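I have placed the structure first, in the form of structure tokens, so that the comments after it can refer back to it.
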Amino acid sequence: MKWQWTKLAIVLAIYAAFLIWVESWLGLIIVPFIFDNYITKKIRWQWWKDAEKPVRMVMSWVDAIVFALVAVYFINLFFFQNFVIPSSSLEKSLLRGDYLFVSKLSYGPRIPQTPLTLPLTQHTLPVFGGPSYIAWPQWEYRRVKGLGHPQLNDIVVFNFPAGDSVMSAEAYQAQDYYQTCYIYGMQQAGTPDSVVAKMNDAGRYEYFRKVMNAGAAFVEQNKSEFGSLIKRPTDRRENYVKRCVGMPGQTLQIKNCRVYLDGVMNKEPDQVQYDYFLKLNPGAEISAETMIELDITVEDMISLHQNGYLPLTNKAYKALKADRRLVAYIAPVTDKDYNDMGKTYPVNGYYGWTRDNYGPVWIPKKGASIALNLKNLPIYERVIRDYENNQLEVKNGRIYINGVPSAKYTFKMDYYWMMGDNRHNSADSRYWGFVPEDHVVGKPIFIWLSVNPDNVGRKIRWNRLFTMVDNIK
């Protein structure tokens, strides 16, 4: 009996330390059940052990599975989870098929905002489809103390901010709903850029509001193509991984592809990639050996054959440029070749920004205030309305927040600017804006498995196993 009391004391001490860490005493309701399990034993927790063999066998499996699911849910929620790189947006720093060990402790785990969720799922039930969570109850955002905060140039896993609204049709699930509405709204408006450029700020704001509404109506009216609209809570949105290149309170600008913070150029990732036009000599082909040597993927080759350009690191660019037997022409892709003005964030702004020449834009910081006007409102509108849950309206050229005329706004959270190292092939903050602190999931620590999806060379990338992500600069 003394041993039972000792075990109870150890368990309660650990449990109390956990409750202090998460700053919640709601868990005290479980203490009587813990006490009963070790001391009084009034509740027959394992009644099935005395049942007939078929029941005993089935219930032993149920007991093991339930225990495993609860344990995995708890570990994933507060300590770490696995994450696989699904796209090439961070190549060649992180590769498609890299499996990451992601630490929740690095930035502090979030108290679950959507607590009723099936373990090992993000938002969709496997096999059956449909949501894997119950949207009620929704708890307010709160993060318990971790080992630190996101730092400049960290690689960060986070929930996709624009993933609050998702089109259910499979062909459109990976597409940005707001970009889709903008594109179809612009097609219906048919207004030349020259006319939009001559509008004043109030007129342009109203014009883009109508454009977005028209695009949203078009998507709604064509459910057979786009599917129905799915609304997802913050912690049930798709997980993304990018590099943090802008911190709260900094002014970011991209000039000729280079990122500047407060006027100082930020260090580029060692394996940063840009697109290059490439023309091979007649009859020449890039061999499998060259693809392996220069880290050129099958996806990269598809881009070359379909679009005429290839994403390359500086090392690969220099190697191909020097190979006159293989390459007839190679040159960087610039804004003159690919102008995405109007598609960059904010889609309802008109600043002439592109993926290679963007900003300047000030990144919101908790407790800091900014003067609001119709010129800069499109940049911060989504932050104020959607991320910080305010009612925002523009009436007669004036900005109203929660019904009050407002010429400034004080931010409630920190925000970050995330970009992929594959700079010309990354859907990142240049297209959907700031990442709020409540969307930050965790920090990748190391690669525990790396599988080559292209089957070029070895299937398992043995040289990448247990690579520390912090060493990928």
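All of these numbers come straight from a predicted model, not from anything done at the bench.
Between the side chain of Arg204 and the main chain of Val196, a donor-acceptor pair closer than 3.5 Å is present. For Gln271 (side chain) and Asp421 (main-chain N/O), no donor-acceptor pair under 3.5 Å exists by modelled atom type. The closest donor-acceptor contact from the side chain of Arg236 to the backbone of Lys231 lies at 3.5 Å or more, if one exists at all. Remark: the backbone N or O of Val22 is not paired with any side-chain donor or acceptor of Ser24 at under 3.5 angstrom. Using modelled atom types, one side-chain atom of Thr344 and one backbone atom of Trp353 make a donor-acceptor pair closer than 3.5 Å. Judged by distance alone, with hydrogens and angles left aside, the side-chain atoms of Asn376 form a donor-acceptor pair with the main-chain N or O of Ala371 at under 3.5 Å. Judged by distance alone, with hydrogens and angles left aside, the side-chain atoms of Arg430 form no donor-acceptor pair with the main-chain N or O of Ile254 at under 3.5 Å. Looking only at distances, a side-chain donor or acceptor of Arg385 sits under 3.5 Å from a matching main-chain atom of Leu392. With hydrogens and angles ignored, the 3.5 Å screen pairs a side-chain donor or acceptor of Arg423 with a backbone N or O of Gly420. In this structure, Lys343 contributes its side chain and Tyr431 its backbone to no donor-acceptor pair below 3.5 Å.
Among all heavy-atom pairs drawn from Ser132 and Thr121, the shortest one is OG-OG1, 2.9 Å. Across all non-hydrogen atoms, the minimal contact from Arg461 to Pro453 is NH2-CD, 3.4 Å. Closest approach of Pro161 to Phe434, counting heavy atoms only: CG-O, 3.7 Å. Counting all heavy atoms, side chain and backbone alike, Tyr73 lies closest to Pro115 at OH-O, 2.8 Å. Residues Met186 and Val211 come closest through the heavy atom pair N-CG1, 3.7 Å. When all heavy atoms are compared, the tightest approach of Tyr380 to Val361 is OH-CG2, 4.4 Å.
There is no side-chain donor-acceptor pair under 3.5 Å between Tyr260 and Arg258. Side chains of Gln273 and Asn422: a donor on one and an acceptor on the other come within 3.5 Å. Side-chain contact, Asp356 with Asn256: no donor N or O sits under 3.5 Å from an acceptor N or O. In the model, Tyr345 has no side-chain atom that pairs as donor or acceptor with a side-chain atom of Asp176 under 3.5 Å. In this model, a donor atom of one side chain and an acceptor atom of the other lie less than 3.5 Å apart for Thr114 and Gln138. Checking Asp335 against Asn357 by side-chain atom types alone, a donor-acceptor pair falls below 3.5 Å.
Residues Pro248 and Tyr415 are not in side-chain contact: their nearest non-hydrogen atoms beyond the backbone lie 4.5 Å or more apart. The shortest distance between side-chain heavy atoms of Pro436 and Tyr141 does not fall below 4.5 Å. The shortest side-chain heavy-atom distance between Val219 and Thr180 falls under the 4.5 Å cut-off. Looking at heavy atoms from C-beta onward, Phe101 lies in side-chain contact with Phe80 at the 4.5 angstrom threshold. Contact check for Met59 versus Asp63: no side-chain heavy atoms found under the 4.5 Å cut-off. Side-chain contact between Asp386 and Glu381 is absent, with no heavy-atom pair separated by less than 4.5 Å. The shortest side-chain heavy-atom distance between Glu388 and Tyr409 falls under the 4.5 Å cut-off. You'll find the side chain of Pro112 reaches within 4.5 Å of the side chain of Leu77, heavy atoms only.
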Handout entry: Step-by-step side chain to side chain contact (heavy atoms under 4.5 Å, CB included) determination, Tyr240 to Val435
Key = CA-CA 11 Å; Tyr240 271 36; Val435 175; over 6 Å; no

Exercise for the section: List the steps and the verdict of side chain to side chain contact (heavy atoms under 4.5 Å, CB included) for Ile384 and Leu372. Expected result: CA-CA 11 Å; Ile384 297 169; Leu372 273 185; 3.7 Å; yes

Exercise for the section: Might you work through the side chain to side chain contact (heavy atoms under 4.5 Å, CB included) test for Ile460 and Leu449, ending with a clear yes or no? Expected result: CA-CA 8 Å; Ile460 305 296; Leu449 176 65; 4.3 Å; yes

Handout entry: Stepwise side chain to side chain donor-acceptor pair (under 3.5 Å) check, Asn425 with Asp275
Key = CA-CA 8 Å; Asn425 298 277; Asp275 284 346; 2.8 Å; yes

Practice task
Given side chain to side chain contact (heavy atoms under 4.5 Å, CB included), test Ile296 with Leu304 step by step and report yes or no.
Solution key: CA-CA 11 Å; Ile296 297 172; Leu304 176 62; over 6 Å; no

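Arg243 CZ to Leu152 CG: the interatomic distance, rounded to the nearest 0.5 Å, is 10.0 Å. Rounding to the nearest 0.5 Å places NE2 of His149 at 9.5 Å from CE of Met247. The distance from the CE atom of Met418 to the CG atom of Asp154 is 8.5 Å, given to the nearest 0.5 Å. One finds the CG atom of Leu69 at 6.5 Å from the CG atom of Leu120 (value rounded to the nearest 0.5 Å). Separating the CZ atom in Arg232 from the OG atom in Ser165 is a distance of 10.0 Å, to the nearest 0.5 Å. If you take CD on Glu299 and OG on Ser87, they are separated by 7.5 Å, rounding to the nearest 0.5 Å.
Taking the six-membered ring for Trp and thresholds of 30 and 60 degrees, Tyr358 and Trp417 have ring planes inclined between 30 and 60 degrees apart. Tyr309 and Phe277 have perpendicular rings, their planes meeting at more than 60° on a 0 to 90° scale where under 30° would count as parallel.
Screening Tyr177, Phe160, Tyr182, Tyr178 for a ring-ring contact (aromatic ring centres under 6.0 Å, His included) involving Trp432 leaves a single residue, Phe160. A salt bridge (Lys or Arg N to Asp or Glu O under 4.0 Å) with Lys92 is found for one member of Asp98, Asp300, Asp295 and no other, namely Asp300. The side-chain contact (heavy atoms from CB on, under 4.5 Å) with Glu268 is formed by just one residue from the set Val272, Asn266, Asp270; it is Val272.
If you look at His439 and Tyr387, their ring centroids are closer than 6.0 Å. Ring pair Tyr276/Tyr274: centre-to-centre distance not below 6.0 Å. When ring centroids are compared, Phe74 and Phe78 come within the 6.0 Å threshold. Ring pair Phe226/Tyr184: centre-to-centre distance below 6.0 Å.
Taking 4.0 Å as the cut-off between side-chain N and carboxylate O, Glu437 and Lys366 do not count as a salt-bridged pair.
At most 12 heavy atoms of other shown residues, nucleotides or ligands fall within 6.0 angstrom of atom NZ in Lys365.
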